[in-house]
Engineer: 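Provided herewith is a single structure, encoded as structure tokens, for subsequent inquiry.
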Protein chains: 2
Amino acid sequence: MDQAPHRVTIREVAAHAGLSISTVSRALTGSRAVLPELVRRAQDSASELGYRADTVGRSLRTQRTGTFGLVVPDLTNPFFPALVQALEHAARSRGLSILIADTGNDPEVETAAMNTLLDRRVDALLVSPVDLEASREGLISAATTVPVLQIDRVIDEGIPFVRVDQEAPVKALVERMIATGRRHLAFIGQDPRIATSREREVAFAQAMSERFAGGPLRSVTGGTSPQSGRAAAETLLSRWPETDGVVCANDLIAVGVLEHVRARLAGRRIAVSGFDDTLMAQVLELTSVRQPVQQLADLAIAAAAHPDRSTLLATRAVVASEVVFRRSTD
Amino acid sequence: MDQAPHRVTIREVAAHAGLSISTVSRALTGSRAVLPELVRRAQDSASELGYRADTVGRSLRTQRTGTFGLVVPDLTNPFFPALVQALEHAARSRGLSILIADTGNDPEVETAAMNTLLDRRVDALLVSPVDLEASREGLISAATTVPVLQIDRVIDEGIPFVRVDQEAPVKALVERMIATGRRHLAFIGQDPRIATSREREVAFAQAMSERFAGGPLRSVTGGTSPQSGRAAAETLLSRWPETDGVVCANDLIAVGVLEHVRARLAGRRIAVSGFDDTLMAQVLELTSVRQPVQQLADLAIAAAAHPDRSTLLATRAVVASEVVFRRSTD
DNA sequence: ATAGGCTCGGCAAACGTTTTCCGGCTTCGC
DNA sequence: GCGAAGCCGGAAAACGTTTGCCGAGCCTAT
């Protein structure tokens, strides 16, 4: 049938323009001064022939691919698509591309994925590590080969990161629940090996101990889904029946809790809050913590795109998030 | 600080093993027979030195990158993360990678993104085109350079695709609504320039005309979000107040409709259905059409990964989907 | 016994680009 | 009017890999 169409190379552009390859390269990339007349000739020939520089050849020579590896734990969790989208836009606006890997919450897959990305010679690795412990070794080892940036989830302070502050919003949630008359607050976390969930739990414990020194710490952990949220709510309320406010580490969990509360405990006035301000939170009128995804992405890409790697290697950024109060905490 | 760590090249492996570069290459890739003894020596040296072949060098030589470009319209729509995840897994299990681009529903961005992916010399382009018309030109032009596979949304039958049948599920929905006593059915679509939405609308019109020949076609279109779903429901019900069943082109829309119905029309028994069987549909007990995402992804990657491009170029696949009935259509 | 064929190691070319180096020309200062 | 110092074009090397080709050694069949 139709043959693989021949791609125009810089050599042909040079021939067509009656210039040397070097001159064309310089004229098009602007890497060194070229007489305006020649620049025009080069550009004209290039566009006439439809020339577009081949990134593979360029990468081989420059040792930079203009590509980042992005490793996320689970695209099923709506927070990550939002993050990916923001990162991809930020990257593309600078002419950079993103190789994506979804690890399905498996640390071994994660390490393997990072290695295949390294083989592809990405300029940097953006990672939201799966597991506080099991991900560490692979992460550290990757960091010896390429600049690594932990994004959102940070499991090793020695490696650059861009994260969200968890303390303030959790404190604000607790304060609000107390202000609306609740006294017996509880926390429902995801797998405790997830960095952000752990941090939220710690923040919760601290906020509580400031208000109710010596009081019991009501806390339960489970999976990351409405189903497990419902189950967690059940065990929580059977263990501490007095509970009248629940801070969840995640919207998906909170939705499950909400279901349980609205269905089984319609009479009781139990506050519920989540994290991530997903679409579901908006629809179900669930109080949630909106993540500054855009800011996170901009910081990450800005750091990763910086020409000298020392900037990236020095990145330790924490950005603030904002609680969106809705009916679920009225 | 610490210098960029030197990556081991095949040349060093060859030196260490006392073999020629060619032999090492052949031993490691198995591209030609090599004496077992030498294979062992090559492999030992490779693993001892921690050698991993550089994909950039290889790509330059072989003219294949082992990378696909994936272009999706909007990761905010939960259908696409699911698709991306499935595609990425299928690709990685074959040692292939995916460069992702989110076009934010903008055909111009889409064309630009496709071009930057082409510069990266992807082996194939997997695209869910934004717009039935505005996307066509860019798509066709890209297809002259690289194998292109339309995935889910197809806007040009001349270009290979992997899609989902819309007719059967829509018909099943209509039948069910009729079977449960509804007579005045309506359709709410997304932007009519979205291929799948249009197909669902056509299927709806056809199913209806089979049952109610000559009856009015109640149909409204709007955006892809609960908000616009709610708005659409409002105009729909003011225009055709008798409506007692609504087939929506999308879960997000359906959720908006459901809100409107449950809030404002609590007395009336109006059936609502969506598409994609997202988490929200499950939570809100919304009848929806589950997309065979896994199957779609497997077919797509299998076609794209096939060594000779003629297979991909011949791909025209349609897979079936399944309606999941829930309370919203009881 | 020898011609022909098979196996397999190594040299070198090639993939497409950027960039170093060289050298010719112009300019400028004295 | 002359040396030094830019400016800028072109040849060629380099990035890391795969692979076409050659030829040495061995086997086999007649």
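Here the structure is a predicted model, which means the values were calculated and not measured. Just so we're on the same page: letters track the sequence lines, and every chain starts at 1.
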Engineer: Would the number of heavy atoms belonging to other residues, nucleotides or ligands and lying under 6.0 Å from CZ of B:R121 be above 12?
Structural biologist: yes

Engineer: For B:R198, does the CZ atom have more than 12 heavy-atom neighbours from other residues, nucleotides or ligands under 6.0 Å away?
Structural biologist: no

Engineer: With the threshold set at 4.0 Å, does a side-chain nitrogen-carboxylate oxygen contact exist between A:D54 and A:R58?
Structural biologist: no

Engineer: From the 5' end of DNA chain D to its 3' end, which nucleotides mark the outer limits of contact with chain A, defined by a 4.0 Å heavy-atom distance cut-off (strictly under)?
Structural biologist: D:dC8 to D:dG16

Engineer: When you check the gap from the basic side-chain N to the acidic O, do A:R163 and A:D152 get nearer than 4.0 Å?
Structural biologist: no

Engineer: Which residues satisfy the side-chain contact (heavy atoms from CB on, under 4.5 Å) test with A:A314, sequence neighbours excluded?
Structural biologist: none

Engineer: Give, ordered by number, those residues of residues 52-65 of chain B having at least one heavy-atom distance below 4.0 Å to an atom of DNA chain C; if nothing qualifies, reply none.
Structural biologist: B:L60, B:R61, B:Q63

Engineer: Could you measure the distance from the OG1 atom of A:T111 to the CD atom of A:E108? Nearest 0.5 Å is fine.
Structural biologist: 7.5 Å

Engineer: Find the distance between CD1 (A:I301) and CZ (A:R94) and round it off to the nearest 0.5 Å.
Structural biologist: 7.5 Å

Engineer: Looking at DNA chain C, which of residues 13-21 of chain A put a heavy atom within less than 4.0 Å of it?
Structural biologist: A:I21

Engineer: Considering every strand and a 4.0 Å limit on heavy-atom distances, what is the contact class for A:T9: base, sugar-phosphate, or nothing?
Structural biologist: sugar-phosphate

Engineer: Charged N to carboxylate O under 4.0 angstrom, A:E133 versus A:R136?
Structural biologist: no

Engineer: Rounded to the nearest 0.5 Å, what separates atom OG1 in A:T196 from atom CD in A:Q291?
Structural biologist: 8.0 Å

Engineer: Compare all side-chain heavy atoms of B:L125 with those of B:L117 and state whether any distance is below 4.5 angstrom.
Structural biologist: yes

Engineer: Could you check how far CD1 of A:I10 sits from C1' of C:dA14, rounded to whole Å?
Structural biologist: 17 Å

Engineer: I'd like to know if the side chain of B:R316 reaches the main chain of B:G158, judged simply by a donor and an acceptor atom lying under 3.5 Å from each other, with no hydrogens or angles considered.
Structural biologist: yes

Engineer: Got a sec? Which of residues 38-50 of chain B come in under 4.0 Å of DNA chain D, heavy atoms?
Structural biologist: none

Engineer: Taking the basic N atoms (NZ, or NE/NH1/NH2) and the acidic carboxylate oxygens, is any pair closer than 4.0 Å for B:D119 and A:R7?
Structural biologist: yes

Engineer: DNA chain C: B:R121 or B:V34, which has the more 5' nearest nucleotide?
Structural biologist: B:V34

Engineer: If you look at every heavy atom in B:L96 and B:A305, which pair is closest and at what distance?
Structural biologist: CD1-CB, 3.6 Å

Engineer: Quick one, which residues of residues 24-32 of chain A touch DNA chain D with a heavy atom under 4.0 Å?
Structural biologist: A:R26, A:R32

Engineer: Name the one of B:Q150, B:R153, B:E110 that satisfies side chain to side chain donor-acceptor pair (under 3.5 Å) with B:S135?
Structural biologist: B:E110

Engineer: So B:R41 and B:E37, do their side chains get closer than 4.5 Å, heavy atoms only?
Structural biologist: yes

